[in-house]
Amino acid sequence: MGETTKKYWLMKSEPDEFSIADLKTKKRERWSGVRNYVARNYMMRDMQIGDLVLFYHSNAKPSGVAGLARISALAIPDETAWDRKSGYFDAKSTPDKPRWYCVEVEYVDTFKKFTSLEEIKNTPKLKDMALLRYSRLSVQPVTTQEFQLICKMSGLAKPPKEARPVT
DNA sequence: GCCAACGTTGGC
DNA sequence: GCCAACGTTGGC
């Protein structure tokens, strides 16, 4: 990965907790609660404002890609880590020495056609997606080809080619 | 609810 | 540094 500038991502959320509809209502949301170093590092080191995100519903019936979001703020310390009342509390992370970080994402679109995990599995061109190879990783890079194809499968006539923040 | 796959922890 | 035990993710 290294110096490669990534533009496309997939981020998982359990729709019972936070769905694409919730993001649409709230417009923007901090992606807090990630407690995996690989996922954190993608957010901390590689995400840029304007990067586009496939919003994936995990642990759902069915699971799959539900819509599109965009990175609207760079990673900052995840405050839920030092909130004892939070389900994401982690005593090893403090305001002085934060261990966990989160970006902010903003709503872009809800796909007209939900693209299920099963469809992704049945699409040969998508067989190398991190989604299938590292099934437990909740924040992961997506190639341009994969991104464009999933947008197409999801009924988005013109997938945004360029990542552009709204003002 | 089950469980495979994987990440983390801690004893040694 | 190894690895067993344990915890979590997420599909089914």
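Residue numbers begin at 1 in each chain, while the letters A, B, ... track the order of the sequences. If you're wondering where the values come from, they're calculated on a predicted model, not measured in any experiment.
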Rounded interatomic separation in angstrom, taking [atom1] from [X] and [atom2] from [N]:
X      : N      : atom1 : atom2 : result
A/N41  : B/dG7  : CG    : P     : 13 Å
A/L137 : C/dT9  : CG    : C1'   : 11 Å
A/D16  : C/dG10 : CG    : C1'   : 13 Å
A/D90  : B/dT8  : CG    : P     : 11 Å
A/N36  : B/dT9  : CG    : P     : 11 Å
A/W100 : B/dG7  : CH2   : C1'   : 10 Å
A/N59  : C/dG11 : CG    : C1'   : 8 Å
A/K121 : C/dG11 : NZ    : C1'   : 7 Å

Closest-nucleotide ordering on DNA chain B, the 5'-leading residue of A/R133 and A/K92: A/R133
Heavy-atom neighbours of A/Y134 OH exceed 12 at 6.0 Å: no
Does CZ in A/R30 sit with more than 12 non-hydrogen atoms of other residues, nucleotides or ligands closer than 6.0 Å? no
Please state whether the phosphate of [N], meaning OP1 or OP2, lies under 4.0 angstrom from any side-chain nitrogen or oxygen of [X].
X      : N      : answer
A/K61  : C/dC12 : no
A/S135 : B/dA5  : no
A/K12  : C/dG10 : yes
A/Y56  : C/dG11 : yes

Check whether any side-chain heavy atom of A/L10 lies under 4.5 Å from a side-chain heavy atom of A/M129, and answer yes or no. yes
Using a 4.0 Å heavy-atom cut-off, does A/Y37 contact any base of the nucleic acid, only the sugar-phosphate backbone, or nothing at all? sugar-phosphate
What I want to check is whether the side chains of A/D96 and A/T94 have a donor and an acceptor closer together than 3.5 Å. no
Can you tell me if A/R35 and A/T80 form a side-chain donor-acceptor pair at under 3.5 Å? yes
